[in-house]
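Throughout, protein chains are lettered first and strands after them, A, B, ... in sequence-line order, and every chain is numbered starting at 1. As the structure is a computational prediction, the values presented were derived from the model and not from experiment.
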There are 2 protein chains.
Amino acid sequence: MSGDGTVGKALDVLEQVAAFERPVRFGELQEKSPYPKATLYRFLQTLTNQGMLSYEAERQTYAMGMRLVRLAHAAWTTSSLAPIARPFLDQLSAETGETVHLAQLDASQVLYVDKRNAKNPVEMYSQAGKVGPAYCTGVGKAMLAYVEGEALERAIAQQSFHRFTPTTLADPQSLREELVAIRARGYGFDREEHEPGIVCIAVPILTKGSRMLGALSVTGPTSRTSLDQLEHLAPRVLETAKRIGEEAEAWRFPETRQ
Amino acid sequence: MSGDGTVGKALDVLEQVAAFERPVRFGELQEKSPYPKATLYRFLQTLTNQGMLSYEAERQTYAMGMRLVRLAHAAWTTSSLAPIARPFLDQLSAETGETVHLAQLDASQVLYVDKRNAKNPVEMYSQAGKVGPAYCTGVGKAMLAYVEGEALERAIAQQSFHRFTPTTLADPQSLREELVAIRARGYGFDREEHEPGIVCIAVPILTKGSRMLGALSVTGPTSRTSLDQLEHLAPRVLETAKRIGEEAEAWRFPETRQ
DNA sequence: TTTTTAGTTTCATTATTTGAAACCATGTTT
DNA sequence: AAACATGGTTTCAAATAATGAAACTAAAAA
């Protein structure tokens, strides 16, 4: 349950509709909602009136509304790295023959904003938009390595440390040590920590002032690649991340061009 | 100014940040805000805490946040026609050699969700996300033709009827008559009503039950095409709209597949 | 040192929200 | 036909959150 009063609650409801990934009826929402029926109903009315949700009277279903689609455009073009990074990811994926992920940090979780696989090119969004844990993914650890102080401790405190595989880092201290190592090397690995049989090399995307914007990874199955082989790609992946960071910084802070 | 209490106000503030299309400082927002300074400040704090905005401490700027980017994905994939329609637009643009627009109705305005020009292919989003008037655009009129009753009267009441060109429909009655004609023909035109020198043919995208999902247009400059030439495309554009409608309906309401 | 600027916090007052209970419309069962 | 069930919708006294002028804070400028 959120803080931030009424606005926080309304956003919870919006997110609950989004989580269904399909049009959803009032009763289905009510089953899973922590709010009383009248309260939930009123939030749905408010969000629909505001255009954030839409209501289809025939089937009595709620879905994402056009005002949200419009805000989505603004969010995607100004705060997601995906538009800027797209050509760089395509190139890296073509060169390596493996899957490339682009991610940003959403509170304490990983938000995958793009995924490219040159051998199996898919349309925009088909894999983007997924959320994953930070403590046991390459991109997650690469980003956490450049979060500092209280923000880092808050993020660590919110990790579940669920052990997905024998190699999952399952406690805060192991994670902190790993983040120090990543920072020292400049890149990190997913050593089958999240999914068995899946490994990757991951690097942070930083501004010139070393502020973390996101992370990039090259991922493959252990049947086809290994950590050693992926490590040989480190210079190339770091270079790609550097160029994305430069483009992002130039776009967002044009005054630094002077 | 919105209704819907505190949530409506918070969404106004979110939209105000989005409208800048770049990171923005508190003072810049305050200059244009109808809210008192403390009220605006608190909304920005709330939206930032909730992840809908992000705050960059070094430059003291607000921008779209990762939670909105994540909701953006949900909105885009479930409520925008763009993902489904993309291959159809590419094909239509390639065949006609002209620019194809895809739009949906956002309250009483047109939201362009995609734009394709086979001769000048641009990356995702570069032109999508724009908002335009409904009363004097092809797609706008094609959509309004399938809005009925009070919803139509509300939408008409919100049009500015500003006369952009000599051919702009500049009063409600002219618009209503045009909508009747569009519905009779099944398609409409922009006869240089919005921009001089720009014409188009536009068709609605409907479900099987004739519920309006959006609209599609083929647009060109009068230096290269004419309304007559565009009208020859009507069967092909109608077919494309029909297929998009079928795909959208199959996706959103899979139970109709049985 | 003083003044200005942009952002941030306070708290008495006002406005909005809350949510159990009741209501409504439609469909199902007896 | 009447009673019951279901899913959605509305009411309103009480509770809670929001409001916004004024004051405060920190940094920059004069």
Side-chain angles (χ1 to χ4, degrees), chain A residues 1-17 20 22-65 149-151 209 211 253 255-256 258, chain B residues 1-17 20 22-65 149-151 209 211 253 255:
Chain A
M1 176 95 73
S2 67
D4 296 301
T6 308
V7 174
K9 292 175 180 174
L11 295 175
D12 286 345
V13 171
L14 183 60
E15 190 128 26
Q16 195 195 345
V17 177
F20 272 85
R22 61 170 174 77
V24 58
R25 291 174 67 100
F26 176 71
E28 298 176 287
L29 290 165
Q30 196 201 335
E31 279 170 13
K32 294 175 184 269
S33 178
Y35 301 116
K37 193 161 69 155
T39 305
L40 173 64
Y41 190 82
R42 214 174 18 254
F43 280 130
L44 291 171
Q45 293 304 295
T46 297
L47 290 165
T48 303
N49 289 343
Q50 289 293 318
M52 300 297 278
L53 292 176
S54 65
Y55 183 67
E56 212 265 285
E58 190 181 340
R59 287 173 172 79
Q60 289 188 300
T61 52
Y62 295 92
M64 302 291 100
E150 285 176 24
R211 195 162 60 79
F253 311 119
E255 68 274 22
T256 61
Q258 266 53 298
Chain B
M1 176 95 73
S2 65
D4 296 302
T6 308
V7 175
K9 293 174 180 173
L11 293 175
D12 286 345
V13 171
L14 183 61
E15 191 129 24
Q16 194 193 347
V17 177
F20 273 84
R22 60 167 173 77
V24 57
R25 289 176 67 100
F26 177 72
E28 299 176 286
L29 290 166
Q30 197 202 334
E31 280 171 13
K32 296 173 182 266
S33 179
Y35 301 116
K37 193 162 65 158
T39 305
L40 174 64
Y41 190 82
R42 214 177 16 255
F43 280 131
L44 291 171
Q45 293 304 294
T46 297
L47 290 166
T48 302
N49 288 343
Q50 289 293 318
M52 300 297 279
L53 292 175
S54 65
Y55 182 67
E56 212 266 284
E58 188 181 343
R59 287 175 170 76
Q60 289 188 300
T61 52
Y62 294 93
M64 302 290 101
E150 285 177 23
R211 197 163 58 77
F253 312 119
E255 69 273 24

**OP:** Supply the atom-to-atom distance A:T6 OG1 to A:L11 CG, rounded to the nearest 0.5 angstrom.
**Re:** 11.0 Å
Original post:
Rounding to a whole Å, what distance do you find between B:F26:CZ and C:dA6:P?
Top reply: 11 Å
**OP:** Check the distance between C:dA6's P and B:R59's CZ and give it to me in whole angstrom.
**Re:** 18 Å
Subject >> B:E56 side chain vs B:E58 backbone, donor-acceptor pair below 3.5 Å >> reply: yes
Original post:
Does the gap between the ring centers of A:F26 and A:Y62 come in under 6.0 Å?
Top reply: no
Original post:
Backbone N or O of B:R25 within a donor-acceptor pair of the B:E28 side chain at under 3.5 Å?
Top reply: yes
Subject >> Touch class at under 4.0 angstrom, heavy-atom based, for B:Q60 against every strand present >> reply: sugar-phosphate
Subject >> Residues which pass side-chain hydrogen bond (donor to acceptor under 3.5 Å, both in side chains) with A:E15, listed by chain and number, not counting sequence neighbours >> reply: B:R67, B:R70
**OP:** Could you check how far CG of B:L40 sits from P of C:dA6, rounded to whole Å?
**Re:** 15 Å
Subject >> Length of the line joining A:Q45:CD and C:dT16:C1', which is rounded to integer Å >> reply: 17 Å
Kindly give the atom pairs (protein nitrogen or oxygen, nucleotide nitrogen or oxygen) under 3.5 Å for nucleotides 19-24 of chain C.
| from | atom 1 | to | atom 2 | distance (Å) |
| --- | --- | --- | --- | --- |
| C:dG19 | OP2 | A:T39 | OG1 | 3.3 |
| C:dG19 | N7 | A:R42 | NH2 | 3.4 |
| C:dG19 | O6 | A:R42 | NH1 | 3.3 |

Original post:
First and last nucleotide of DNA chain D in contact with chain B, 5' to 3', at under 4.0 Å to a heavy atom: what are they?
Top reply: D:dA18 to D:dA21
Original post:
Does the side chain of B:S33 reach to within under 4.5 Å of the side chain of B:Q16, using non-hydrogen atoms?
Top reply: yes
Original post:
Going by heavy atoms in the side chains, are B:Y35 and B:Q30 under 4.5 Å from each other?
Top reply: no
Original post:
Heavy atoms, side chains only, cut-off 4.5 Å: are A:D12 and A:F43 in contact?
Top reply: no
